[in-house]
Amino acid sequence: MTIHSNLRKLQTELPESVTLVAVSKTKPIEDLMQAYEAGQRIFGENKVQELKDKFSSLPQDIQWHMIGHLQRNKVKYIASFVALIHGVDSLRLLQEINRQGALHQRKIPCLLQVHIAQEETKFGWDISEVQNLIEKGEINKFEYVRVDGLMGMATFTDDEKQITKEFTTLKILYNQHQKTQGWKVLSMGMSNDYQLAISCGSNMVRVGSKIFGERQYAK
Ligand SMILES: *Cc1c(COP(=O)(O)O)cnc(C)c1O
């Protein structure tokens, strides 16, 4: 299977209301170009340096999403161009994004990452913390940040009931605040669980290996 045909297959499979983020982390420029030539314009990366390098080498009409954990001291490297930051998980990070947005005179689109998985290691706010932030109006006090919605990752398991439960929990939180907050994006679902995520109400999926093949990590 080629990148082109993988992508075409996905594009026909996804409902029109679902945005596809092609997760290209660790993949070479040539692979991204193949996806670009097949019409893909939204790419997701999880490392700041790699995101920055790829942004400089690839066509300007690509929208770059930062999908990984973002350290505050690295926001400055992507603030001028990043199209969406998926993994916002602290107020201090929001503050820094706001500061960088002000410097670049742009409102930076962000998603709040919510912890829905059983694993301790996954980043994100608890549901109750998000409720609290919203009640106190804390996420909307930043002039140069636009919170567009929520992002979450399910537990790494084959248990579809468990995954469904987690995605549904996030969808309920999203629905609760979508109108009053003006949210548009619910980012959930990866190669292994995007169909489930969509059936639970996701409108943005982050798919990597199903497009580009398995990733090779240096040992
Ligand atoms: C790597 C990654 C993905 C894509 O994973 P695949 O299983 O290759 O589709 C999606 N979201 C995040 C946050 C990731 O880090």
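One-based numbering, in listed order, for ligands and for the atoms of each. Excluded from the calculations below are hydrogen atoms, water molecules and symmetry mates; all remaining heavy atoms, backbone and side chain alike, are included.
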**Those residues that, when tested against R106, pass side-chain contact (heavy atoms from CB on, under 4.5 Å) (two or more places apart)** =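 If we apply the side-chain contact (heavy atoms from CB on, under 4.5 Å) test to R106, skipping adjacent residues, the hits are V82, H104, I108, P109.
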**Set of residues satisfying side-chain contact (heavy atoms from CB on, under 4.5 Å) with respect to D158, sequence neighbours excluded** =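 In terms of side-chain contact (heavy atoms from CB on, under 4.5 Å), with neighbours along the sequence ignored, D158 is linked to no residue.
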**Prompt:** Applying salt bridge (charged side-chain N to carboxylate O under 4.0 Å, His left out), which residue pairs with at least one partner in residues 81-104 are found, sequence neighbours left out?
**Reply:** E96-R99
**Message:** Tell me whether K54 is salt-bridged to E45, with the criterion being a basic N under 4.0 Å from an acidic carboxylate O.
**Reply:**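 A salt bridge is present here (some side-chain N lies under 4.0 Å from a carboxylate O).
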Extract all N/O-N/O pairs under 3.5 Å that connect ligand 1 to the protein, and present each with both atom names and the distance rounded to 0.1 Å.
residue: ligand 1; atom: 8 (O); partner: S209; partner atom: N; Å: 2.8
residue: ligand 1; atom: 8 (O); partner: S209; partner atom: OG; Å: 2.8
residue: ligand 1; atom: 8 (O); partner: R215; partner atom: NH1; Å: 2.7
residue: ligand 1; atom: 8 (O); partner: R215; partner atom: NH2; Å: 3.1
residue: ligand 1; atom: 9 (O); partner: S191; partner atom: N; Å: 3.0
residue: ligand 1; atom: 9 (O); partner: S191; partner atom: OG; Å: 2.5
residue: ligand 1; atom: 9 (O); partner: G208; partner atom: N; Å: 2.8
residue: ligand 1; atom: 11 (N); partner: R206; partner atom: NE; Å: 2.9
residue: ligand 1; atom: 15 (O); partner: K25; partner atom: NZ; Å: 2.6

**Prompt:** How long is the span from the CG atom in N98 to the NZ atom in K107, to the nearest 0.5 Å?
**Reply:** 8.5 Å
**Message:** If I compare all heavy atoms of A197 with all of G189, which pair ends up nearest, and what's the gap?
**Reply:**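 Between these two residues, the closest heavy atoms are CB-CA, 3.5 Å.
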